Amino acid sequence: MRRGWSLILEPNNSIRPTMTVSVIIAARNEELNIRRTIESILGQNYPKELLELIIIDDHSDDNTSLIVKEYEDKGVKLIQLNENGRLNSYKKLAISRAIECCHGEIIITTDADCRMGSNWLATVISTFEKEGAYLQSSPVVYSEEKSFFERLQTLEFLYLIGLGAAGIGNKKPTTCNGANLAYRKDIFKQMGGFKGIDELASGDDELFLHKVAEQYPEKIMFCKSKDAVVYTDAKPDLKSFISQRRRWASKSTKYKNKGVIALGISIWFFNLLILVASVLALFGVKFVAWVVLFALLLKMVVEFLFIEPLTRFASRKELLWYLPLLSLAHILYLAYIGILGNVGKYDWKGRQVK
């Protein structure tokens, strides 16, 4: 996987973007965050005539819509969902509704609690144009942590972003993040939008990536630039963290690419074996104890070799001190989430979905 990351070259964005872009944000009860996100996007060093910002209010019961309306004179467009029936995937509906009426040749999705540097959009779009991409993933990094638990999440999230980038670098795309995702509108329509993947609440990013990868894996890119980073927040407590990871894990058995499913199951089974072996070792089985120790050391070494360049990219090398603890925590939570994410319903922004 480290090879896949190293194969992606940092872009030299010397060209001026010429394509129109629609930035789309699905927001639900984001009155505390949405203003900063809007300001970040309106403050981009990007030709104003080529930029369109559309925010879809997903049945908020706070002041999200009122805040968005404050920016109407600056060209920000508001769509308010008003669905009577019960859906499972409101976010995919929100994005689809915006794409139906947007003017951009390129769609960029991000979240209502994100912030970006002023060169974010120019970097993402110029790389997109230069590479002739159909779909482009870009980095998402946690920042402004308030606790040890949040810093631990930052390191783990770098690992996840790196896995997605490495897969793209190896021309075997597996994962991406909808907080910083760009794709051509005509490709979205050619793929039938979210048709066939709309039964899950989650998956507007990864499952759509897989649809494009089925036909055009060589046209999927990753923008490896610090200027392209979108910053967001880690979860403040264990309950919200588990809920988020459960939502992400709910997609793991829905991929059409069976190789990706097999890889995910293998990783889950490896961690489960370490967990079971650790329990046996506690009961005095010496041979098993040595096997567990070897597996843990091997796991930590492999993870260090992979994640070290990612911490350099994000200028967060101090987080490497947390890697031993993260490796141990991974064993517990991956075994747990791997099962929990594929059974029953979970809470997402005040809704019970599956």
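Note that the structure is predicted; figures quoted are calculated from it, not measured. Side chains are part of it too, since the values below use all heavy atoms of this structure and drop only hydrogens, waters and symmetry mates.
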Checklist entry - Under 3.5 Å, is there a donor-acceptor pair between the S315 and K226 side chains? => result yes
Next on the checklist: Around atom NZ of K48, are there more than 12 heavy atoms from other residues, nucleotides or ligands closer than 6.0 Å?
Outcome noted: yes
Item to check | Donor-acceptor contact below 3.5 Å, side chain N170 vs main chain K172 | outcome: no
Next on the checklist: Treating E145 as the side-chain partner and A234 as the backbone partner, does any N or O pair qualify as donor plus acceptor under 3.5 Å?
Outcome noted: no
Checklist outcome for this item: The single option from F306, W5, Y142 that satisfies ring-ring contact (aromatic ring centres under 6.0 Å, His included) with Y159 is F306
Item to check | Sole candidate of T110, T232, D233, N33 that passes side chain to side chain donor-acceptor pair (under 3.5 Å) when paired with R115 | outcome: D233
Item to check | N/O donor-acceptor pair under 3.5 Å between T37 side chain and A112 backbone | outcome: yes
Checklist entry - Is a donor on one side and an acceptor on the other found under 3.5 Å between the side chain of K219 and the backbone of V212? => result no
Checklist entry - With sequence neighbours excluded, what pairs up with Y333 under the ring pair (Phe, Tyr, Trp, His ring centres under 6.0 Å) test? => result F241, H330
Checklist entry - Do Q190 and Y216 get their side chains close enough for a donor-acceptor pair, meaning under 3.5 Å? => result yes
Item to check | Main-chain N/O of D227 paired with S225 side-chain donor or acceptor, under 3.5 Å | outcome: yes
Checklist entry - Are R36 and E144 within salt-bridge range, i.e. N to O under 4.0 Å? => result yes
Item to check | Test item: side-chain donor near acceptor, Q80 and S65, under 3.5 Å | outcome: yes
Item to check | Aromatic ring proximity F194/F188, centre distance under 6.0 Å | outcome: yes
Item to check | Donor-acceptor under 3.5 Å (T64 side chain, E30 main chain) | outcome: yes
Item to check | Donor-acceptor pair between Y71 and E39 side chains, under 3.5 angstrom | outcome: yes
